[in-house]
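Encoded as structure tokens, the structure appears first; notes follow it.
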Amino acid sequence: MSSEIKRVVRKNPRRLIVTWELILLKLLLLAMVGVYLEHPVGSVSGRISLEQEGFGIQTYNIKDNKVYAMAFGPRGGASLERGVWINNDGTFRIDQLPKGEYQIKVRATGYATEYVNGLFVEDGKVSTIAKPVRMALVEP
């Protein structure tokens, strides 16, 4: 111990204990506030398919395209926007969404913007979009 602390302990040993008690009380209070402020959250996952030029067929290969998905919601609450880039195989997952109803917007250069409405997120669960979101080429 430093000489300063030794002097304080010799003069008033109770002062050192009070300091530690105060620190522990503050940590406990902070932990309780953290638990109180934590909101139930869930996730949304899905798959995207892009129309191939000239073929009229869909592919899950997103490798050469920059595609992103945005979640807007929850409806009726404080508005939140979260987004992710789509993986090369066409899959995505948006985490840390408070429970509620969301709208998903999928956007890619050269393709029409697609929307998925009425998607419900539940506490601690992953809500999956049932069908792949099919993105059509924009005609010039």
Side-chain angles (χ1 to χ4, degrees):
M1 276 201 246
S2 73
S3 62
E4 177 77 23
I5 294 175
K6 286 180 184 178
R7 226 176 328 166
V8 169
V9 170
R10 266 187 257 139
K11 286 183 180 180
N12 190 358
R14 182 77 181 135
R15 186 172 180 189
L16 184 64
I17 294 172
V18 171
T19 310
W20 284 105
E21 290 172 346
L22 187 59
I23 290 172
L24 287 175
L25 182 62
K26 286 180 182 179
L27 287 174
L28 182 62
L29 183 63
L30 235 94
M32 288 177 21
V33 168
V35 169
Y36 176 74
L37 293 177
E38 187 174 317
H39 297 288
V41 293
S43 302
V44 172
S45 70
R47 192 157 199 195
I48 308 300
S49 67
L50 298 176
E51 180 181 11
Q52 286 193 319
E53 191 173 351
F55 297 107
I57 59 174
Q58 299 283 323
T59 180
Y60 295 118
N61 183 8
I62 312 292
K63 190 175 184 179
D64 298 327
N65 297 293
K66 292 187 178 188
V67 185
Y68 66 90
M70 296 278 300
F72 300 95
R75 187 164 75 162
S79 185
L80 171 77
E81 295 179 15
R82 290 237 164 81
V84 294
W85 290 103
I86 306 299
N87 298 323
N88 288 338
D89 63 353
T91 61
F92 71 93
R93 180 174 165 162
I94 305 172
D95 293 320
Q96 298 296 315
L97 296 172
K99 68 179 183 175
E101 183 180 358
Y102 285 84
Q103 177 186 52
I104 304 296
K105 173 183 168 184
V106 182
R107 183 83 178 105
T109 305
Y111 291 87
T113 302
E114 293 293 327
Y115 295 91
V116 178
N117 296 310
L119 188 61
F120 290 94
V121 172
E122 295 180 32
D123 181 24
K125 296 185 180 177
V126 178
S127 300
T128 304
I129 299 173
K131 296 179 183 177
V133 178
R134 298 172 57 102
M135 300 192 67
L137 285 166
V138 174
E139 298 296 325

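Quick caveat: nothing in here was measured; it's all calculated off a predicted structure.
The shortest side-chain heavy-atom distance between Ile62 and Leu50 falls under the 4.5 Å cut-off. Side-chain contact between Ser127 and Tyr102 is absent, with no heavy atoms from C-beta onward closer than 4.5 Å. At a threshold of 4.5 Å between non-hydrogen side-chain atoms, the residues Ile48 and Glu114 do not count as touching. Taking the side chain as every heavy atom from C-beta outward, Leu137 and Tyr111 approach each other to under 4.5 Å. With a 4.5 Å cut-off on side-chain heavy atoms, Arg107 and Met70 do not count as touching.
Leu97 and Phe120 fall into different hydrophobic clusters, where Ile, Leu, Val, Met, Phe, Trp and Tyr residues are linked whenever their side-chain heavy atoms come under 4.5 Å apart, directly or through other members. Hydrophobic clustering, with ILVMFWY side chains joined whenever heavy atoms are under 4.5 angstrom apart, groups Val121 together with Ile129. Under the 4.5 Å side-chain heavy-atom criterion for Ile, Leu, Val, Met, Phe, Trp and Tyr, Val133 and Val84 are members of the same hydrophobic cluster. In the hydrophobic clustering of this structure, Leu80 groups with Leu119; members are Ile, Leu, Val, Met, Phe, Trp, Tyr whose side-chain heavy atoms approach within less than 4.5 Å, directly or through other members.
Counting only residues at least two apart or on different chains, the salt bridge (Lys or Arg N to Asp or Glu O under 4.0 Å) pairs with a member in residues 116-132 are Glu122-Lys125.
Of all heavy-atom pairs spanning Ile104 and Ala69, the tightest one is CG2-CB, 4.5 Å. The shortest heavy-atom contact between Thr59 and Asn61 is OG1-N, 3.1 Å. Considering every non-hydrogen atom in both Asp95 and Ser43, the closest pair reads OD1-OG, 2.6 Å. Closest approach of Arg47 to Phe92, counting heavy atoms only: N-CE2, 3.9 Å.
The side chain to side chain donor-acceptor pair (under 3.5 Å) check on Gln96 picks up nothing, with sequence neighbours excluded.
Between Leu30 atom CG and Leu25 atom CG the span is 10.5 Å, to the nearest 0.5 Å.
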